Amino acid sequence: MGQEQLKVLDALDTAKTQWYHFTAIVIAGMGFFTDAYDLFCISMVTKLLGRIYYHVEGSPKPGSLPPNVSAAVNGVALCGTLTGQLFFGWLGDKLGRKKVYGMTLMVMVICSIASGLSFGRDAKSVMTTLCFFRFWLGFGIGGDYPLSATIMSEYANKKTRGAFIAAVFAMQGFGILTGGVFAIMVSAIFNSIHKAPAYIVNPGLSSPPQADYVWRIILMFGAIPAALTFYSRMKMPETARYTALVAKNAAQAASDMSKVMQVDIESEEKKVETIAKSSANSFGLFSKEFLRRHGLHLFGTTSTWFLLDIAFYSQNLFQKDIFSAIGWIPAAASMNAVQEVFKIARAQTLIALCSTVPGYWFTVFFIDRIGRFRIQLMGFFFMTVFMLAIAIPYGYWMKHLMGFVILYSLTFFFANFGPNATTFVVPAEIFPARLRSTCHGISAAAGKLGAMVGAFGFLYLAQNQDQSKTDAGYPAGIGVQNSLYVLAGVNLLGLVCTFFVPESKGKSLEEMSRETEGDEDN
């Protein structure tokens, strides 16, 4: 039998948008700003690392990271993120959101700084140190996914909850943008002070000793925005939903939210005790009851995030080719090491500005108007369409590159105004409070598994079918055109799996999770 909502939770659900909502968005959003900066800035300095540490005397081309080292440097943070999502997601339900939230931030600050340090001067020592600290950086970043989403969902009102959670996620766009702008500034300053010839003019002098500071400064800067929000995170009270429904402390929940919302809220100890004894609030993650109530939902959130990230992270396959082909990045030998960082950062910043950031904020604006389900369905549909539009006449687009760039940009616009945002939002809304952070962490970890498949599986798969034309160190693959067909199929499968995800627009978290129901199940 259903029962009346707790007054403290009802007050949160029906509250008008207030200052504390924006405070929560900024505090949680700055974590995501840092996450995006730290995860994406590595792509701007990998070419520089190759030039500095893998230079081959007499080679007509600048040094580059060997495939296994490149995979490790780019992918180790994703491995750490996946692990952190599972661990901190579980811990957030065990210890509380607030306690764990500070831990993740400290890990991120320490490891951002340590990423720019090295034990030793040779390539092996530097790469080992970098990979070690970037794994733990990813571990801290992973914790921010379930905790930021869960905290924002539990603070928000039900009318604008989707926009608030999406706004936290949208800070990723600004993190990517800031990473690009900061890399442009650092490389421009170093290039003006320490002028160096292009590689083709003088290979030895094209990478000045000072270039070694460039990548370190770019990586270490990520610690600053994270450190700035540490005090604010520590001051945030625990969410009322965790305090009341998981810790079962009705008085503390009412007291905390009275201060936050500046209204008097009655504490309802007896009602909390009744809810706690209910069978709807006692089953575990691996129980038959969870499988019956939420099994398909968890399948929907994990499968769609997994499939989305395969397609989303596969963009790395095409970016360098697109940038080079349309003249945004000249041939590597025609630049010195620091100039190449500048050109790559400029190209990535333009993509973020024109495609990534607008897509995120379209989701923020529309998610509570047209719903999560429709946005996700639309996103996967258009990603499928644009992938096929690129793949079918692939030979034509290689001769008409501006058309290719437009379709490529539209694909990732609809990823961000689509499943890239909604897969983050929905798992924070549909599961019970005592399992919410864990289930979000599981869903996000499935996404990072997909990211590894997209970033590295397709790196091998997209290699030319002719072994003589593959990138150095890679075996023959199925080619880019066939890889695009596969990615279109992945997007189509994501569209199908979206039907397992329920719509949560305009509903309270307890309506979605049914955890405050009585013992008679509906």
Side-chain angles (χ1 to χ4, degrees), residues 1-6 9-10 12-13 85-86 89-94 96-97 145-147 149-154 156 158 161-162 165 239-248 271-307 371-373 376-377 422-447 494 496-522:
M1 183 175 71
Q3 59 188 5
E4 191 183 341
Q5 175 79 302
L6 286 168
L9 304 187
D10 187 59
L12 285 164
D13 280 340
Q85 286 163 338
L86 293 172
W90 167 79
L91 205 61
D93 284 333
K94 292 296 177 187
R97 301 15 169 162
Y145 276 73
L147 292 167
T150 300
I151 286 169
M152 196 65 247
S153 74
E154 292 181 347
K158 61 184 180 182
R161 186 179 61 237
I165 305 172
T239 70
R241 285 183 160 90
Y242 183 86
T243 306
L245 299 175
V246 184
K248 301 175 179 59
K271 193 180 282 188
V272 167
E273 286 174 18
T274 305
I275 291 169
K277 292 173 185 174
S278 164
S279 61
N281 202 31
S282 59
F283 58 84
L285 180 65
F286 300 106
S287 65
K288 287 183 180 178
E289 186 64 13
F290 177 86
L291 193 65
R292 185 177 72 83
R293 286 171 177 252
H294 301 292
L296 286 177
H297 298 163
L298 188 59
F299 170 77
T301 58
T302 51
S303 60
T304 51
W305 208 334
F306 173 77
L307 294 164
R372 293 79 163 134
F373 179 80
Q376 188 160 306
L377 211 62
T422 54
T423 52
F424 176 79
V425 173
V426 174
E429 300 182 305
I430 63 176
F431 299 107
R434 68 189 182 283
L435 300 171
R436 185 169 292 134
S437 181
T438 303
C439 290
H440 194 285
I442 291 169
S443 303
V496 172
C497 290
T498 297
F499 287 94
F500 293 100
V501 180
E503 177 58 78
S504 50
K505 177 172 78 84
K507 297 178 181 177
S508 77
L509 299 179
E510 288 67 44
E511 279 180 80
M512 294 305 301
S513 65
R514 297 186 290 156
E515 64 195 296
T516 56
E517 289 178 352
D519 284 327
E520 289 179 39
D521 208 300
N522 294 337

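This structure is a prediction, so every number in the text was calculated from the model and none was measured.
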Verdict with reasoning, L291 to F286, per side-chain contact (heavy atoms from CB on, under 4.5 Å):
CA-CA 7 Å; L291 193 65; F286 300 106; over 6 Å; no
Are the side chains of P427 and T150 in contact, using a 4.5 Å heavy-atom criterion?
no
Going by the rule side chain to side chain contact (heavy atoms under 4.5 Å, CB included), which residues pair with A446 if we only count those two or more places apart in sequence or in a different chain?
T302, F306
Salt bridge (charged side-chain N to carboxylate O under 4.0 Å, His left out) partners of residues 295-307, not counting sequence neighbours, each pair once:
none
Work out which heavy atom in A428 is nearest to a heavy atom in A149; give both atom names and the distance.
CB-O, 3.6 Å
Roughly how far, to the nearest 0.5 Å, is CD1 of I430 from NZ of K507?
11.0 Å
Please identify each residue that fulfils side-chain hydrogen bond (donor to acceptor under 3.5 Å, both in side chains) with T304, with sequence neighbours left out.
none
What pairs with T423 under side-chain hydrogen bond (donor to acceptor under 3.5 Å, both in side chains), at least two apart in sequence or on another chain?
none
Tell me whether D13 is salt-bridged to R241, with the criterion being a basic N under 4.0 Å from an acidic carboxylate O.
yes
Using the test side-chain hydrogen bond (donor to acceptor under 3.5 Å, both in side chains), find all partners of T301 that sit at least two apart in sequence or belong to another chain.
S443
Ring pair (Phe, Tyr, Trp, His ring centres under 6.0 Å) partners of F424, counting only residues at least two apart:
F32, F169, H440
Measuring from atom CG of L435 to atom NE2 of H294, what distance do you get when rounded to the nearest 0.5 angstrom?
8.0 Å
For the pair H297 and V426, evaluate side-chain contact (heavy atoms from CB on, under 4.5 Å) and give the outcome as yes or no after the intermediate values.
CA-CA 10 Å; H297 298 163; V426 174; over 6 Å; no
Output the distance between atom CG (L285) and atom SG (C439), rounded to the nearest 0.5 Å.
5.5 Å
Test salt bridge (charged side-chain N to carboxylate O under 4.0 Å, His left out) applied to R97 - qualifying residues, sequence neighbours left out
D93, E154
S437 to G89 - nearest heavy-atom pair and separation
OG-O, 2.9 Å
Check: A445 main-chain N/O paired with Q85 side-chain donor or acceptor under 3.5 Å
yes
With sequence neighbours left out, what residues match R372 under side-chain hydrogen bond (donor to acceptor under 3.5 Å, both in side chains)?
D368, E429, S504
Give, for atom CZ of F431 and atom CG of L509, the distance between the pair rounded to the nearest 0.5 Å.
12.5 Å
S303: which residues meet the side chain to side chain contact (heavy atoms under 4.5 Å, CB included) condition with it, sequence neighbours left out?
F299, C497
Can you name the residues that form a side chain to side chain contact (heavy atoms under 4.5 Å, CB included) with K94, not counting sequence neighbours?
W90
What do the steps show when you test V501 against L296 for side-chain contact (heavy atoms from CB on, under 4.5 Å), and what is the final call?
CA-CA 8 Å; V501 180; L296 286 177; over 6 Å; no
Residues at least two apart in sequence or cross-chain that pass side chain to side chain contact (heavy atoms under 4.5 Å, CB included) with L377, listed by chain then number, are F373, L495, T498, F499
Any chance you could measure S153, atom OG, to M512, atom CE, to the nearest 0.5 Å?
12.0 Å
